[in-house]
Amino acid sequence: MAEPQEPASTPTPLDINQQQGQPATGDPTPPAATEPTDWQAEAEKWKALSRKNETQAKANADAAKQWNDFQESQKSETDKLKEHNAQLEAQLKEAQTTVLRSQYAAKNNIPVTLLTADTEDALEAQVKALLAFKTPQPPASSGIDTGAAARQSTTFTRQQISDPTFYHKHRDEILKAQQAGRILA
């Protein structure tokens, strides 16, 4: 019986490095730096490249301006009028919106700067919301019922009593409540 032959292996980069006398770590050694980098020369080189690019950019800007002037000169009178018409229509729409906002602001006594909507329906909704916000709300109760029946059974908290303004305003009631034992913690 013939022994099976092992297939011939192909050399790997590691094998090649070993044959060439390089270390077997697989990491090629970096070439030794022969001379230090002259940073001053590098800086001068990049400055020169920067100046060259600036000059080219200026030339490109001039060429772009000439191109735009050429295109503008090639437009027909109709094209120019269409552009002008579109600008005027945009200005008219803005003026109409401003007038509409001013009318709604004056009619409802609202500062015009609060109105941002562009259509009448949207302005109506915005005005309703602003008026609802503007309507005064009933004042929050101070916790004291000043009615005649309430005076007999009014209770005070220590927090209310510790407020000097509140205490001076309701001093007589507080003293009566203290005598009746109606001071809450």
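Counting from 1, the numbers follow the sequence of the chain as shown.
- Here His168 contributes atom NE2 and Asp163 contributes atom CG; the two are 9.5 Å apart, rounded to the nearest 0.5 Å.
- The stretch residues 108-127 participates, sequence neighbours left out, in these side chain to side chain donor-acceptor pair (under 3.5 Å) pairs: Arg101-Asp118, Tyr104-Glu124, Thr116-Gln126.
- By the 4.5 Å side-chain criterion applied to Ile, Leu, Val, Met, Phe, Trp and Tyr, Leu92 is assigned to no cluster and stands alone.
- When hydrophobic clusters are built by joining Ile, Leu, Val, Met, Phe, Trp and Tyr residues whose side-chain heavy atoms come closer than 4.5 Å, directly or via intermediates, Leu100 is grouped together with Leu114.
- The side-chain contact (heavy atoms from CB on, under 4.5 Å) search around Gln91 returns Leu88, not counting sequence neighbours.
- A salt bridge (charged side-chain N to carboxylate O under 4.0 Å, His left out) check over residues 45-54, counting only residues at least two apart or in different chains, returns the pairs Glu42-Lys45.
- Atom-to-atom distance recorded for Thr97:OG1 and Lys93:NZ is 4.5 Å, nearest 0.5 angstrom.
- Enclosure of atom CD in Gln74 by more than 12 non-hydrogen atoms of other residues, nucleotides or ligands within 6.0 angstrom is indicated.
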Run the side chain to side chain contact (heavy atoms under 4.5 Å, CB included) check on His170 and Ile174 step by step: do they pass? CA-CA 6 Å; His170 302 284; Ile174 291 171; 4.2 Å; yes
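- Hydrophobic cluster membership differs between Trp46 and Trp39, with clusters built from Ile, Leu, Val, Met, Phe, Trp and Tyr side chains linked at under 4.5 angstrom.
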Going by atom type alone, with no hydrogens or angles, which donor-acceptor pairs under 3.5 Å involve a side-chain atom of residues 80-87 and a protein atom two or more places apart or on another chain?
from	atom 1	to	atom 2	distance (Å)
Glu83	OE1	Lys75	NZ	3.3
Glu83	OE2	Lys75	NZ	2.5

Before giving the answer on salt bridge (Lys or Arg N to Asp or Glu O under 4.0 Å), spell out for Asp69 and Lys65 the whole-Å C-alpha distance, their side-chain angles and the decisive distance to 0.1 Å. CA-CA 6 Å; Asp69 292 344; Lys65 184 179 182 318; 3.3 Å; yes
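- Contacts classified as side chain to side chain donor-acceptor pair (under 3.5 Å) and involving residues 55-64 (residues at least two apart or in different chains) are given here: Gln56-Asn60.
- Summarising the geometry, atom NZ belonging to Lys128 is positioned 12.5 Å from atom CG belonging to Leu123; distances are rounded to the nearest 0.5 Å.
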